Student: 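Sharing a structure with you now.
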Amino acid sequence: MKICFHVQPMSKRSFLSRVRSALPHLHPAEKKLGELVCNFPGELAGYSASELAQLAGVSNATVSRFIRRLGYPNYEEARLHAREESQTGSRLYKAKTTDSDTANANAYEIADIENIRTTFSQVSFNDIQDLAQAMLDARKLWIIGFRAGNSLAGYLQWQLTQVIENVVSIPGSGHTMGEHLVSIDSSDLVIVFGIRRRVAQLDAILSSVAGTGARLAYITDEGAPVHEQAEWHLRCQTGSPGPLFSHVAIMALINALANQTIELSSEDGKVRLAEIEAFNESLEELQ
């Protein structure tokens, strides 16, 4: 039986998909340019045609032929498409052919300090207090995260379990979101991590959560659009001199939220915390 694959028309394909498809059919100079763009697509988003030609060691005419082979009418159309895709958060678009800062540890320190400073200049202490109190008041606390957000959700859940008994990080291994969404109640609070690159179904999940009537908090990177159904939208800066995004500011926000929740916890929460410590000591689990 012959298996047929659907091939999207050129106008529907991503910038990188166009480049990768064209590579085997390019002339040597064009292929040299194509390989550069394939490995460092952010360069096309940030450079003029002549600058890109100089960077690749090819002629301006080669750049023009290359762009036409990709199906774009001109260089600006291609650059606009690449720039739009760079906003999705692909690590490829952050990679640079020349980046001396990545070899300098101080650059990472400076970037992370600035990320934390900018994040907390945009997230008020009242927001942190209000969300902490809402977590304590909820019937059940659900924390949702995918990809990088999955680890962050698990970490926040671990911190909050000190004083909140009914808190869960989802989705778990082998679980579908439907198995969890069906149990969310209007008296619950749901925290969603929307860290780029965000999964395709995230908007549908956010709408489904809002449809349950539960209160919704949305923690994202700085590039996420406003989600009108979220009661709290806390944006964190994720800039980095290297090819990977930094999650240091998000961890700082989690630290503030967890500590404030413990500070605001009722007597029951403090009793729970004391009992956890007592069990740890009796079992000699911690040093």
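It should be emphasised that the depicted structure is a prediction, and the values quoted were computed from it without experimental measurement.
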Student: Looking at Thr212 and Asp185, would you say the former's side chain and the latter's main chain have a donor-acceptor pair under 3.5 Å?
Tutor: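 It does not hold such a pair.
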Student: Would a 4.5 Å heavy-atom cut-off, applied to side chains only, mark Ile250 and Phe193 as touching?
Tutor: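 Counting from C-beta outward, Ile250 and Phe193 do come under 4.5 Å.
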Student: Can you see whether Gln133 engages Asp137 through a side-chain donor-acceptor pair at a distance of less than 3.5 angstrom?
Tutor: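 Side-chain D/A pair, Gln133 to Asp137: present.
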Student: Between CZ of Arg79 and OH of Tyr72, what distance do you get to the nearest 0.5 Å?
Tutor: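 Here the interatomic distance stands at 13.5 Å.
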Student: Do Thr238 and His247 have side-chain N/O donor and acceptor atoms under 3.5 Å apart?
Tutor: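 No, no side-chain donor-acceptor pair sits under 3.5 Å.
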Student: Which distance, rounded to the nearest 0.5 Å, do you find between the CG of Leu52 and the CG of Asn60?
Tutor: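 Rounded to the nearest 0.5 Å, the CG-CG separation comes to 9.5 Å.
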Student: Can you say whether the rings of Phe15 and His81 are parallel (under 30°), tilted (30 to 60°) or perpendicular (over 60°)?
Tutor: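 Rings of Phe15 and His81: perpendicular, over 60°.
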Student: Can a donor-acceptor pair be found between the side chains of Glu165 and Thr161 at a distance below 3.5 Å?
Tutor: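 Not at all, the side chains of Glu165 and Thr161 share no donor-acceptor pair under 3.5 Å.
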Student: So, Asn255 versus Asn259: side-chain donor-acceptor pair below 3.5 Å or not?
Tutor: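 Yes, Asn259 and Asn255 have a side-chain donor paired with an acceptor closer than 3.5 Å.
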Student: Minimum heavy-atom separation for Ile164 to Val167, with atom names?
Tutor: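 Shortest heavy-atom contact: O-CG1, 3.3 Å.
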Student: Have Asp188 and Trp142 got a donor and an acceptor in their side chains that come within less than 3.5 Å?
Tutor: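 Checked: Asp188/Trp142 side chains pair up, N/O donor to acceptor below 3.5 Å.
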Student: Just verifying a value: how many Å separate Leu257 CG and Ile191 CD1, rounded to the nearest 0.5 Å?
Tutor: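 The CG atom of Leu257 sits 6.5 Å away from the CD1 atom of Ile191.
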Student: Is there a donor in the side chain of Thr62 and an acceptor in the side chain of Arg65, or the other way round, less than 3.5 Å apart?
Tutor: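 A donor-acceptor contact under 3.5 Å links the two side chains.
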Student: If you draw a 6.0 Å radius around CD in Gln229, do more than 12 non-hydrogen atoms from other residues or ligands fall strictly inside?
Tutor: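 Result for CD/Gln229: enclosed.
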Student: Decide, yes or no, whether a salt bridge links Glu35 with Arg20 under the criterion of side-chain N to carboxylate O below 4.0 Å.
Tutor: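 Looking at Arg20 together with Glu35, the answer is no, because their closest N to O distance does not fall below 4.0 Å.
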Student: Just so I know, are the side chains of Gln237 and Gln122 near enough to count as touching, which here means a heavy-atom distance under 4.5 Å?
Tutor: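 Answer yes - side chains close enough.
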Student: Is Arg235 positioned over the aromatic face of Tyr218, cation under 6.0 angstrom from the ring centre and no more than 45 degrees off axis?
Tutor: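 Cation-pi check for Arg235 and Tyr218: fails.
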